[in-house]
Amino acid sequence: AQSVTQPDIHITVSEGASLELRCNYSYGATPYLFWYVQSPGQGLQLLLKYFSGDTLVQGIKGFEAEFKRSQSSFNLRKPSVHWSDAAEYFCAVPYSSASKIIFGSGTRLSIRP
Amino acid sequence: EAGVAQSPRYKIIEKRQSVAFWCNPISGHATLYWYQQILGQGPKLLIQFQNNGVVDDSQLPKDRFSAERLKGVDSTLKIQPAKLEDSAVYLCASSLPGGGVAFFGQGTRLTVV
């Protein structure tokens with residue numbers, strides 16, 4: 001069965017520091033993979049998606065993610081975080097289509113001034 | 001382009017009362033989803049509509065939850081009677097048919113006291 005695991009519940013980084021949020025998936029075939037961000041009191045916004053092709057995916061707000069089949073991972077990265085990046089980040093994988101998705105439990109990102 | 005609209009934003013009810021949430025998807029999006037997001041967890045799919053038909057309601061607690069999308073556009077999700085454990089954010093999402101990316105509304109935060 002499809003599943004996604006985010007091993008880090010809460011991460012704190014200093015403003016301007018680099019960031020990597022971990023995501024591991026379980027999926028029978030080549031997966032679609034997504035990262036969503038949820039700011040306080042807001043809905044979920046798509047950061048980036050991987051469908052096929054280039055394994056390094058660029059998203060909005062300076063984020064990128066790399067699909068590594070050998071490690072079943074799709075980690076989210078940003079070279080320099082801003083205070084406005086403080087939010088909850090969710091990795092997701094489809095049940096059966098790109099729009100019907102299973103979410104991980106989320107990683108809460110805090111930014112240290 | 002207008003996004004997914006949800007109302008109300010917040011609702012507080014007593015247990016055993018009933019409540020209804022409304023969602024208007026992005027124009028032209030035939031697929032509509034309701035997700036439940038309990039505090040500290042990722043969203044969990046409750047029900048999926050394709051136009052006005054239910055595609056998947058396997059995770060909907062049908063003894064107390066119901067949803068409809070009569071004209072294939074907007075949708076309502078109802079809880080009757082509510083329990084304390086129903087306290088959560090209820091997110092609506094929509095997508096184009098055929099597996100496009102899902103776009104989310106801001107959600108309705110329900111508190112059952």
Side-chain angles (χ1 to χ4, degrees), chain A residues 1-10 21-25 27 29-52 57 59-60 65 74 76 87-110, chain B residues 1-10 21 23-26 28-51 54-60 88-111:
Chain A
Q2 298 91 324
S3 67
V4 62
T5 303
Q6 294 179 249
D8 303 307
I9 295 173
H10 184 203
L21 301 182
R22 296 185 290 164
C23 172
N24 294 99
Y25 67 88
Y27 198 81
T30 300
Y32 297 159
L33 291 158
F34 306 87
W35 276 99
Y36 281 85
V37 61
Q38 187 175 38
S39 298
Q42 300 298 312
L44 290 153
Q45 181 182 22
L46 181 69
L47 280 177
L48 50 78
K49 61 184 184 291
Y50 170 77
F51 281 4
S52 66
V57 180
I60 62 171
F74 188 57
L76 181 71
E88 189 95 19
Y89 292 80
F90 293 94
C91 184
V93 65
Y95 278 106
S96 58
S97 71
S99 57
K100 185 179 173 183
I101 50 182
I102 302 169
F103 287 89
S105 54
T107 297
R108 184 160 62 93
L109 175 64
S110 298
Chain B
E1 177 182 286
V4 176
Q6 289 189 248
S7 67
R9 288 294 309 278
Y10 306 93
F21 314 127
C23 171
N24 191 31
I26 293 172
H29 281 196
T31 308
L32 185 147
Y33 306 86
W34 283 101
Y35 284 83
Q36 179 193 57
Q37 185 178 18
I38 293 173
L39 185 65
Q41 300 181 18
K44 183 187 79 172
L45 181 68
L46 292 175
I47 188 167
Q48 176 191 359
F49 290 93
Q50 184 74 17
N51 296 308
V54 175
V55 174
D56 184 352
D57 62 358
S58 57
Q59 298 196 78
L60 187 73
V89 175
Y90 290 85
L91 294 163
C92 180
S94 69
S95 70
L96 292 168
V101 173
F103 293 86
F104 286 79
Q106 290 187 304
T108 296
R109 180 177 297 277
L110 173 67
T111 302

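Please read these numbers as outputs of a predicted model, since none were measured by experiment.
Applying the salt bridge (charged side-chain N to carboxylate O under 4.0 Å, His left out) criterion to A:Arg22, with sequence neighbours excluded, gives A:Asp8.
For A:Gln6, no part lies near chain B; criterion is any non-hydrogen pair under 4.5 Å. Heavy atoms closer than 4.5 Å to chain B are found in both the backbone and the side chain of A:Leu44. B:Gln37 touches chain A through its side chain: at least one heavy atom from C-beta onward sits under 4.5 Å away, while N, CA, C and O do not. Heavy-atom distances place the side chain of B:Arg9, and not its backbone, under 4.5 Å from chain A.
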Which is it for A:Ile101 and B:Tyr35 under the side chain to side chain contact (heavy atoms under 4.5 Å, CB included) test, yes or no, and what are the steps along the way? CA-CA 10 Å; A:Ile101 50 182; B:Tyr35 284 83; 3.4 Å; yes
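Annotation for B:Leu39: atom CG does not count as buried by contact number, only 12 or fewer foreign heavy atoms lying within 6.0 Å.
Contact of the A:Phe51 side chain with the B:Val101 side chain is registered, since non-hydrogen atoms from C-beta on lie closer than 4.5 Å.
Residue with the most contacts toward chain A among B:Gly107, B:Pro43, B:Gly42: B:Pro43 (heavy-atom pairs, distance under 4.5 Å).
Atom CD of B:Gln41 and atom CD of A:Glu88 lie 11.0 Å apart (nearest 0.5 Å).
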